[in-house]
Amino acid sequence: MAKLLVVAEHRDGKLSVATLELCRVAKEIAPALGLEPAAAVFAKDDAIAKEVANYIPTVLSVTDAAVAAYTADGYTQAVKAVVESQDVKGVLVPHTYDGVDYAAKAAMAIGAGIVSNVNKVVAEGGKLVCTRNIYNGKLQETKSVTTDKFVISVEKGAYDPAEAGAAGSVTAVSASFGEIRTKVKEVIATSAGGVDISQAKVIVSGGRGLKDADKYKDIVIPLAQKLGGEYAGSRPVIDSGWTEASRQVGQSGKTVTPDLYLALGISGAVQHVAGMKGSKCIVAVNKDPEAPIFNIATYGIVADLFEVVPGIMANL
Amino acid sequence: MKIVVCLKQVPDMESKFKIVDDKKVDESQIAFKINDFDNYAVEAALQLKEKLGGEVVIVSAGPDRAAKDIRQAYAMGADWGIHITDASVYDADGFVIANALAKAIEQIGGVDLVLTGVQSEDLQAAVTGVMVADLLGIPHCTNVVKIDTADGKAFTLNRELEGGLNEVLELAGPAMLSIQSGINEPRYPTLPGIMKAKKKQLDTKSAADLGVSASARTAFIKMFVPVSDSMAEIIQGAPAEAAAKLVDKLKNEAKVI
């Protein structure tokens, strides 16, 4: 039977949760597509492959110095080798930093169409239908692939991780590698040190809606202090230098789970939500009634935050 | 250095998106602008040009309205550009658009570096730039947050990773880099810049002009308004009144303060 192949992701010998989420997707949709769920692991040895085998019945392991560290060229060549030798019809890749770097290139290498950043995959009448966010999550679209083979990259957190079950098989697959044109030097921490906001019970977080650095300082910091919590921000706030990088919440920053997360002027892009959706109570203040942050918040106020925050301060 | 920036015009994400016939949005409600991530790519290109000399060329596929934002990049300092105005290109998928952009870049010739934003704000697919690199047979790096080069040929790059990590890597040009927000502070056009932009060269090209023969590898089915099963309880009233109600709920209902 042709395979629906999850490409595993790992860094520093640690398997990513996104890989386990893909294992769930593969096992869920493979039967309706007449495919067999499987995973491929590219690494220096087969330790990760053995771990992945707890989550999916068939694991194909490519062990080579060329894929000891992630590179787009290395992963693309490995995907191509496995797809060509192992009767693979579909490839599932996590829509993460590494996934974004090679998924489209791997699709080109195997002549497949790609639908990326997908949050739901179903088989309707044996055909694949992918749902994804558009316009910052205000709308969604469905897409299909018109080529024989397909690649889908799946949004991180869209599915729950697969649960471990009986150990599956690990089979070595050989691949020959050509040139790897990027050379990895090192991985560094950019926000080393600084404050640890991940332990705070209350977080007041500001977004683009704060307008400028002075307003961020005048609105967000005093409210955080009055609530005995920490202040934080979404990506645009950190990009603009309104506060330090160690206070960034989201995919490229910290993941936080406070009792109260107050989102001021934050639209609720998926990358931000990934870092705070586990908060116990989420409050959103935004003047755009269609801002996606309201889809995950507990309480919402649709108004100008500059008028709402003084009212909150006055009642504390 | 000859640097190409692939630029996309997108709706302002705070616009009201009204769906027409399950397949498109009503553009009369929408203001268009440069994709925010592309602003950072234009700025990165201009900084490299200032350091090493050369020119910055804009390539964009989109309807006639996109010309306004190509000229916006000119006003920032880009030198000239190509506007692919064929709906059979910009209405197709990322694969067809990547083919057209790659053909345009080949026609320009002698390109040392191709820059794009990390993704478009509207579709957030993050595939087109990588496909362009593949079609041109050049290496790429996505989510670039730092560019170091002494000669415009050998590059040391920081690629953003999860949780505040960066991967430091090296590659040799010509190459394609997708630029992440925060890498720089995009400049605002100056009045003289805006005046000069009006006179700069903008070549319009069709799919036939570029010799694009690719057909789409994905098909759009429909668009719709997502239904959330966990929509917020919206607190009504004037701002001061809503604020007071919110504090009461946080204290007595959610019991989190």
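Naming convention: chains lettered A, B, ... in sequence-line order (proteins, then strands); numbering from 1 in each chain.
In this structure, the portions of Phe17(B) lying under 4.5 Å from any heavy atom of chain A include both its backbone and its side chain. For a residue to count as touching a neighbouring chain, one of its non-hydrogen atoms must lie under 4.5 Å from one of that chain's; by this rule Val10(B) does not touch chain A. Ser252(A) touches chain B through backbone and side chain together, each having a heavy atom under 4.5 Å away. If you measure heavy-atom distances from Asn158(B) to chain A, the contacts under 4.5 Å come from the side chain alone. Heavy atoms of Ser16(A) lying under 4.5 Å from chain B are absent altogether. Looking at Lys16(B), the atoms closer than 4.5 Å to chain A (heavy atoms on both sides) sit in the backbone and in the side chain alike. Contacts of Val225(B) with chain A are made by both backbone and side-chain atoms, with heavy-atom separations under 4.5 Å. No part of Gln236(B) comes within reach of chain A, as not one of its non-hydrogen atoms sits under 4.5 angstrom from that chain.
One N or O on the side chain of Asn117(A) and one on the backbone of Gln124(B) form a donor-acceptor pair closer than 3.5 Å. Between the side chain of His140(B) and the main chain of Lys105(A), no donor-acceptor pair closer than 3.5 Å is present.
Thr71(A) has its side chain out of reach of Leu169(B): every pair of non-hydrogen atoms, C-beta onward, lies at least 4.5 Å apart.
Salt bridge annotation for Asp122(B)-Lys138(A): absent, with no cationic side-chain nitrogen under 4.0 angstrom from a carboxylate oxygen. The pair Glu141(A)-Lys222(B) fails the salt-bridge criterion, with no side-chain N (NZ, NE, NH1 or NH2) lying under 4.0 Å from an Asp/Glu carboxylate O.
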Verdict with supporting geometry, Glu162(B) and Tyr97(A), side-chain hydrogen bond (donor to acceptor under 3.5 Å, both in side chains): CA-CA 7 Å; Glu162(B) 298 79 4; Tyr97(A) 287 91; over 6 Å; no
Determine whether Lys143(A) and Thr218(B) satisfy the following criterion, side-chain hydrogen bond (donor to acceptor under 3.5 Å, both in side chains), listing intermediate values before the conclusion. CA-CA 7 Å; Lys143(A) 291 195 79 174; Thr218(B) 59; 3.1 Å; yes
Test log, rule side-chain hydrogen bond (donor to acceptor under 3.5 Å, both in side chains), inputs Asn166(B) and Thr190(A): CA-CA 7 Å; Asn166(B) 277 186; Thr190(A) 55; 4.5 Å; no
